[in-house]
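Pasting a structure here, questions to come.
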There are 4 protein chains.
Amino acid sequence: MYRYERSVRFQEVDAAGLLFFPNFLVICHEAMEDFFGALVGGYAGLIRGRGLGLPCVALETQFIAPLRHGDAFEVQLEVEHVGKRSLQLSYRFMRGEQLCAEVRETVVVTDLEALKSADMPNDVRELCQHHQVGT
Amino acid sequence: MYRYERSVRFQEVDAAGLLFFPNFLVICHEAMEDFFGALVGGYAGLIRGRGLGLPCVALETQFIAPLRHGDAFEVQLEVEHVGKRSLQLSYRFMRGEQLCAEVRETVVVTDLEALKSADMPNDVRELCQHHQVGT
Amino acid sequence: MYRYERSVRFQEVDAAGLLFFPNFLVICHEAMEDFFGALVGGYAGLIRGRGLGLPCVALETQFIAPLRHGDAFEVQLEVEHVGKRSLQLSYRFMRGEQLCAEVRETVVVTDLEALKSADMPNDVRELCQHHQVGT
Amino acid sequence: MYRYERSVRFQEVDAAGLLFFPNFLVICHEAMEDFFGALVGGYAGLIRGRGLGLPCVALETQFIAPLRHGDAFEVQLEVEHVGKRSLQLSYRFMRGEQLCAEVRETVVVTDLEALKSADMPNDVRELCQHHQVGT
């Protein structure tokens, strides 16, 4: 499991005073970007250097409890499945013991020039397998 | 069906040059906000005036084709189900004939002070039933 | 003068309930993007097609009155000066008769590959001169 | 001087591949929010607990060099002046030795209920004076 911690920022809430729901997904991507920071060149090296992206193709989310400005939370990222060209990831938002949201996401390794799926590079596979659930 | 049209803006793409996936959901909410603009006082009147919100509790999304800066698209919002205190909505992103993304969302009428579910106001129900699928 | 009208969206306010100040500048850019929509290929054609950008190099802003969720406003964009390679633009945010914010911006025509300034294309110059203050 | 460090995220660049200019100001506010994290209750405690905000009333910015996805930078926040009800802050974006942007900002202590200026609380004043330039 990979853990990403921070607090809800001033501008991330909406007019109802709650973390705007698409911002949960922005934060998931932040966690993923940090997770891939362990690659040589980081996530930016993958995108800009190697021309590979990991676009999201499917998403399933439950929002259980709201978060407000200043609330500290932890995102628990887990790699559920490593395919030949795709990954299944899950993210749990915890405010202390309270589960606030749960996200399941499928991303596909993509050649950004051709916009076609591509084989997963070895270093991406190894990093993901290293954090895979049940390993 | 309610239709919401615009183009991908300069800042809505990511470093891969594609509409950043949480922005699809930001745009869904824009469409929903415009849809509820038909209420007296609009969506802001519901939130700020009546203290009621419609937070998203569940989300299911498929991303089928990417959108790039400048791409014109239409969001087709449909009300799938009107419950006592909840709504099921769907959104389809069309770039011409190409389906780019499909979103299904459940929102719950919520008293923003108590952060508890509340009965759906009549005007919200009537507007939604008016746009309900199959009617 | 070029006019751009809309309302403050649900997610554009901050935890203080006011339009988050960087969002004024996001909206200025929206107005500018729409203004350049009159070019063949639009603003995206300039960026993606011709490899030219108009990055902001200087900004001066006064915030006079806040905007809240649902507030309708008009942005009044004016071209103050057209240089060989740069533009000076101003933006006034009006909520009815109330001036809410005033922005002055300098942008430089930039070759995005070389990241160097470039001569202003004729169609950009003509569009800007057409909307220039005092003409 | 207060230092805030991070890298440009995947979604913070625009279609030109450069940090979208309003995001410099979003990041300034992040730095300011972290700076005020030293208050009891943090910045959120000021806003939500005490009903006081620090809205920006004036802004002056020079953009000198662009930032791209993955670029690491440091924001150097300095308190230039502490008034009875206002603060002047400056922010310098450094990528290594390269100055990328410079921001000067005036914020006013504001009673968020009345939307009127208010006297600066002692703990805010003390924190600011502690970080003031030349002290």
Non-hydrogen atoms of chain A under 4.5 Å away: do they reach the side chain of B:Glu102, the backbone, both or neither?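 When you check distances to chain A, no heavy atom of B:Glu102 falls under 4.5 Å.
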
Proximal component of B:Phe20, with respect to chain A [non-hydrogen, under 4.5 Å]: side chain

Check A:Leu89, A:Leu77, A:Val103, A:Leu59 against A:Cys28 for a side-chain contact (heavy atoms from CB on, under 4.5 Å) and give me the one that passes. A:Val103

I'd like to check B:Pro121 versus B:Val109 (side-chain heavy atoms, cut-off strictly below 4.5 Å). Are they in contact?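 Yes - at least one pair of side-chain heavy atoms lies under 4.5 Å apart.
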
So among B:Phe36, B:Tyr43, B:Tyr91, which one has a ring pair (Phe, Tyr, Trp, His ring centres under 6.0 Å) with B:His29? B:Tyr43

For a quick check under 3.5 Å, do A:Glu74 and A:Gln76 share a side-chain donor-acceptor pair by atom type?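 Yes, side-chain donor-acceptor contact under 3.5 Å.
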
Side chain from CB out, backbone as N, CA, C, O: work out which of these in A:Leu18 comes under 4.5 Å of a heavy atom of chain B, or both, or neither. side chain

For chain B, the option from A:Ile47, A:Thr61, A:Leu52 that forms the most heavy-atom pairs under 4.5 Å: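 Looking at each option in turn, the highest pair count goes to A:Thr61.
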
